[in-house]
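Please read these numbers as outputs of a predicted model, since none were measured by experiment. Chain letters run A, B, ... following the sequence lines, proteins first, then strands; residues in each count from 1.
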2 protein chains.
Amino acid sequence: MPDRSTFLNHIAYDSVIIGFSGDKLKILLMEYHNTGLFALPGGFVGVNEDLNDAARRGLEERTGLTHIYLEQFYTFGNVSRHQPETMYTILKANGVDDREHWLLGRFISVAYYALINYKNVVPQPDALSDSCTWYSIDELPELIFEHSAIVNKAIETLRANLDRKLVGMNLLPEKFTMKDLQQVYEAILGKKLHRTAFQREMLGSGMLIRHDKQYNGKAHKAPFLYSFRERTLNQTG
Amino acid sequence: MPDRSTFLNHIAYDSVIIGFSGDKLKILLMEYHNTGLFALPGGFVGVNEDLNDAARRGLEERTGLTHIYLEQFYTFGNVSRHQPETMYTILKANGVDDREHWLLGRFISVAYYALINYKNVVPQPDALSDSCTWYSIDELPELIFEHSAIVNKAIETLRANLDRKLVGMNLLPEKFTMKDLQQVYEAILGKKLHRTAFQREMLGSGMLIRHDKQYNGKAHKAPFLYSFRERTLNQTG
DNA sequence: TCATTATTGTCTCAATTTGTAACAATAATA
DNA sequence: TATTATTGTTACAAATTGAGACAATAATGA
């Protein structure tokens, strides 16, 4: 249980951890013990810890991965977010019955999104929650606080940032086909793209390296595998 | 002097208030009494106040304007930002000699930028400062905390958002010439644009309304005045 | 009154980029 | 060996962009 004296009061962070599988974006959600309440993974900022470091630490604790694309995108601070009853339910379900607990106060939440290759991840529930699982972006359960709004704004931001190239490379494995890459773009933009124009643009950008072909046992021409020329990570700050 | 009990501890906001005059971007800075210290205008969040409302309230107090384009763009929370000695200097210069004052604690700062027509503004110093003045973006004095980094990131964000059209309309008066508009774009992008291509793009976008000509007494063809088709304001949140 | 000056609005044309389709290449299969 | 389902490349029209030419003015001043 987080201790009041080691964290900055009134400040939290929440992370929208985004993965990609086949054709859909997925998000990591936590479910709290015996409550049926779902939330984004998040945490608090140590009194001697940089804000962005705190978010990164929390992400590592949750996913076990250390070098991850993480970007701060907005800070949520509406009074209506403050739902002490909900938080009290969670605390009580964890054996903490304290009406004066510091977590019942009002918190401002700094929101981040992370992009990861979801096959590499074994989600780790924290002390308060009993599951930490991937959910498809279009089949999310109801979330506590204003976490649904946070997810929506994360997707919106991701869309707007797609052209800055950093996105695809963090959602795919080291090597991938042109079709894989196009599916990532389509999942983010929510629309179909023209195959040959997409291929031309990607090849023309010079950001891809072509490798051997991938023989996948299907009855048609085998696609090339590609990787990104340089991995750019740790965009926080 | 802000009171501890009426504001959320550890949380502040700072605003980069951007105006445009002729050919340069300008920023509002405050100078604290008898200290020679410069800072961005900022403030704190009331215990029952939405974060974005707090920033807007502070902006109104500072400029006297009520309908202003205001956008949250990043939250700064590095430990190195915490400089209690600097804050103590400011407090002491204002007659507050209290080593335990709440403002000496560590603060996370949510940063906003605002776009305004700077001719409409009469800057209002607050209780702690004795001047609140426009400075050219390329002639800023040294700023306290990490306020210089905040300014840089604001300009960077503004540049990235320029294509979303909302920018120019908030930096110019109701009616303006095509040249005025081009100068705003050039000041933000930091580079010259091709006159006729710019004109074609702006006219083609359909976002401008053409009005009468402006006879400015110069020995050449008089330019048309334009206005934006719809004013879009209050983008916070 | 009339040429001069500085700037504006429009037009033209080439260069580049984009949208769309055609087509040949090729792994596996029957 | 023909068939099938893709993939990589090429081709070409359509649209956009870059850069300049040029005519249309407001004021000035001879």
Side-chain angles (χ1 to χ4, degrees), chain A residues 20-23 159-160 162-165 168 172-229, chain B residues 20-24 159-160 162-165 167-168 172-229:
Chain A
F20 173 75
S21 96
D23 63 342
R159 239 166 234 174
L162 183 54
D163 59 328
R164 292 176 210 161
K165 312 294 182 191
L172 288 169
E174 179 69 22
K175 294 187 180 181
F176 49 87
T177 67
M178 188 60 72
K179 183 169 201 171
D180 293 333
L181 184 59
Q182 184 172 346
Q183 284 179 319
V184 168
Y185 272 69
E186 290 176 343
I188 292 172
L189 294 174
K191 65 175 181 188
K192 292 288 176 190
L193 299 173
H194 212 272
R195 183 180 65 91
T196 59
F198 180 80
Q199 194 146 345
R200 177 175 54 195
E201 187 190 334
M202 290 298 135
L203 292 177
S205 75
M207 70 184 183
L208 297 179
I209 298 171
R210 177 175 281 181
H211 301 282
D212 293 339
K213 290 191 172 188
Q214 179 189 59
Y215 298 93
N216 53 11
K218 300 288 177 55
H220 54 74
K221 191 170 178 177
F224 287 109
L225 287 173
Y226 296 89
S227 66
F228 289 100
R229 191 165 294 280
Chain B
F20 173 76
S21 94
D23 62 342
K24 284 193 175 159
R159 237 166 235 173
L162 184 54
D163 59 329
R164 292 177 211 162
K165 311 295 182 191
V167 173
L172 288 168
E174 180 69 24
K175 293 187 180 180
F176 49 86
T177 66
M178 188 61 70
K179 183 169 203 171
D180 294 333
L181 185 60
Q182 184 172 347
Q183 284 178 319
V184 167
Y185 273 68
E186 289 176 343
I188 292 172
L189 295 174
K191 66 175 181 187
K192 291 289 177 188
L193 300 174
H194 211 271
R195 183 178 65 91
T196 60
F198 179 80
Q199 194 145 348
R200 176 175 54 194
E201 187 191 334
M202 289 299 135
L203 292 178
S205 76
M207 71 183 183
L208 298 179
I209 299 170
R210 179 176 278 181
H211 300 283
D212 292 340
K213 289 191 172 187
Q214 179 189 59
Y215 298 93
N216 53 11
K218 299 288 177 55
H220 56 73
K221 192 171 178 177
F224 287 108
L225 286 173
Y226 296 89
S227 66
F228 288 101
R229 193 166 293 281

[X] [atom1] to [N] [atom2]: how many Å, rounded?
X: L181(B); N: dG9(C); atom1: CG; atom2: P; result: 12 Å
X: L208(B); N: dG9(C); atom1: CG; atom2: P; result: 12 Å
X: M202(A); N: dT18(C); atom1: CE; atom2: P; result: 11 Å
X: L203(B); N: dT8(C); atom1: CG; atom2: P; result: 13 Å
X: H220(B); N: dG9(C); atom1: NE2; atom2: P; result: 11 Å
X: F224(B); N: dT8(C); atom1: CZ; atom2: P; result: 12 Å
X: N216(A); N: dA27(C); atom1: CG; atom2: P; result: 11 Å

Check: [Y] main-chain N/O paired with [X] side-chain donor or acceptor under 3.5 Å:
X: Q182(A); Y: F198(A); result: no
X: R210(A); Y: L225(A); result: no
X: R229(B); Y: G206(B); result: yes

Checklist entry - Base, sugar-phosphate alone, or nothing: which one does T177(A) contact when heavy atoms must sit under 4.0 Å apart? => result nothing
Checklist outcome for this item: Shortest non-hydrogen pair, S227(B) vs E174(B), comes out as CB-O, 3.3 Å
Item to check | Close side-chain approach of Y226(A) to L203(A), heavy-atom, < 4.5 Å | outcome: yes
Item to check | Of A219(A) and R210(A), the one whose closest DNA chain D nucleotide lies more 5' | outcome: A219(A)
Item to check | dA27(C) OP1/OP2 closer than 4.0 Å to side-chain N/O of K213(A) | outcome: yes
Checklist entry - Can you pull the contact range of chain A along DNA chain D, 5' to 3', using atoms under 4.0 angstrom from its heavy atoms? => result dT4(D) to dA11(D)
Next on the checklist: For F176(A) and F224(A), I'd like to know if the aromatic rings sit close, meaning centre-to-centre distance below 6.0 Å.
Outcome noted: no
Checklist entry - Considering heavy-atom distances to DNA chain C, does A222(A) or H194(A) have its closest nucleotide positioned more toward the 5' end? => result H194(A)
Item to check | Earlier contact from the 5' end, DNA chain C, for L225(B) and K218(A) | outcome: L225(B)
Next on the checklist: Taking atom types as they are modelled, would you say the side chain of R195(A) forms a donor-acceptor pair with the base of dG19(C) within the 3.5 Å cutoff?
Outcome noted: no
Item to check | Test side chain to side chain donor-acceptor pair (under 3.5 Å) applied to Q214(B) - qualifying residues, sequence neighbours left out | outcome: none
